[in-house]
Amino acid sequence: MLYLIPILGAFTGWLVIRAALWLLFHPVKPVHLGLFTLQGMFPARRQQLGEQLGNTVATQFFSFENIRAKLTDPEKISAIKPYVEEHLEHFLRKKLPETMPMISMFIGDSTILQIKTTLANELDLLFPKLISQYLDNVQNELDLRAIVSAKVAALSADELEQAMHRQLGAGLSKMGWAGAALGFVIGLLQMLLAMA
């Protein structure tokens, strides 16, 4: 009988790990057991988890200031300048004469070049302001905390459990085996102590 202690210890260690993982998501609805209530940790704390995760995402992972700095970087604006100049060229040579034929009689190549250069230089100054203003508006209207919190709160325990098993399946199995190994070692020590 003493030789069963390490085997029972291994089974107990494995069972404890499996039960702990199961209790993360089950039971979904609270089960009242007299003095205490049993409910999976995720279903019980989904709202608080969503709020904390939303706060972390909004403050740690996402910064409007970093986005603003990258979008208003002069190098980034210079990179789009050829597209802007191409569009201005098309506008001044094609669209403007189509809409206002009289102007085309007074505008030559040198005037078009001068207008295009002036407008391009003006847009270099205007783009950072436009981008900054746009981001201010987005920042005021976009509440990342609320969005992430609502998404997490909308997740079902089953969806989260399946995702966890997909991502961590081998790791979860290893945890079970680690619990069994630890239980076996503890059982072995108990057996040795009982034999002494």
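The figures that follow rest on heavy atoms only: side chains count, while hydrogens, waters and symmetry mates do not. Note that the numbering runs from 1 along the sequence shown for the chain.
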OH of Y3 to CG of L8: how many Å apart, nearest 0.5 Å?
15.0 Å
Going by the angle between their ring planes, with limits at 30° and 60°, are H87 and H90 parallel, tilted or perpendicular?
tilted
Closest non-hydrogen contact found for I17 with G179 is CG1-CA, 3.8 Å
One should read off an interatomic distance between L88 CG and L96 CG, to the nearest 0.5 angstrom, of 11.5 Å
Check the pair N121 / T117 against side chain to side chain contact (heavy atoms under 4.5 Å, CB included), numbers first and verdict last.
CA-CA 6 Å; N121 290 337; T117 305; 3.9 Å; yes
Any non-hydrogen side-chain atom of Q47 less than 4.5 Å from a side-chain atom of S149?
yes
Dump the intermediate steps for side-chain hydrogen bond (donor to acceptor under 3.5 Å, both in side chains) on Q162 and D158, then the final yes or no.
CA-CA 6 Å; Q162 289 170 4; D158 289 337; 6.0 Å; no
When rounded to the nearest 0.5 Å, the distance separating CG of L21 from OG of S173 is 10.5 Å
More than 12 heavy atoms from other groups under 6.0 Å of CZ on R45:
no
Drop me the distance from L49's CG to T56's OG1, to the nearest 0.5 angstrom.
9.5 Å
Same hydrophobic cluster for I186 and I7, using side-chain heavy-atom links shorter than 4.5 Å among ILVMFWY?
no
Heavy-atom pair with the smallest gap, counting every atom of I77 and T72:
CD1-O, 3.9 Å
Can you tell me how far apart CZ (F91) and CD1 (I115) are? Round to the nearest 0.5 Å.
9.5 Å
Sidechain-backbone polar pair: E51 side chain, Q48 backbone, donor-acceptor under 3.5 Å
no
For a 4.5 angstrom cut-off between non-hydrogen side-chain atoms, does N137 reach Y134?
no
Are L23 and M41 packed together at the side-chain level, in the sense that at least one heavy-atom pair is separated by less than 4.5 angstrom?
no
Cluster link L92 to M100, ILVMFWY, side chain under 4.5 Å
yes
Closer than 4.0 angstrom, basic N to acidic O: yes or no for K116 and E89?
yes
Considering only heavy atoms from C-beta outward, does the side chain of L38 approach that of P27 to under 4.5 Å?
yes
State, yes or no, whether a side-chain contact exists between V31 and T37 at a heavy-atom distance under 4.5 Å.
no
Can you hop from L126 to V84 via hydrophobic side chains spaced under 4.5 Å?
yes
W22 CH2: over 12 foreign heavy atoms closer than 6.0 Å
yes
Taking the side chain as C-beta and beyond, is there a heavy-atom pair between F11 and L15 under 4.5 Å?
yes
Of all the heavy-atom pairs spanning K94 and P97, show the shortest one and how long it is.
O-CD, 3.4 Å
Provide the closest heavy-atom pair for I5 versus G187 in the form atom of the first, atom of the second, distance.
CG2-O, 3.1 Å
Are any non-hydrogen side-chain atoms of E161 and F42 less than 4.5 angstrom apart?
no
Rounded to the nearest 0.5 Å, what separates atom CD1 in I131 from atom NZ in K129?
13.0 Å
Show the nearest heavy-atom pair for residues P43 and F25, with the distance to one decimal.
CG-O, 3.5 Å
Tell me the closest heavy-atom pair linking P82 and A79, and the distance in Å.
CD-O, 3.4 Å
Using the rule that Ile, Leu, Val, Met, Phe, Trp and Tyr join whenever any side-chain heavy atoms are under 4.5 Å apart, tell me whether F184 and M195 fall into a single cluster.
yes
Test of understanding: clusters of I, L, V, M, F, W, Y form through side-chain heavy atoms closer than 4.5 Å, transitively. Do W14 and V185 belong to the same one?
no
Does some side-chain heavy atom of D124 sit less than 4.5 Å from a side-chain heavy atom of K81?
yes
Could you go step by step and tell me if L172 and M164 meet the side chain to side chain contact (heavy atoms under 4.5 Å, CB included) rule?
CA-CA 9 Å; L172 296 176; M164 187 178 87; 3.8 Å; yes
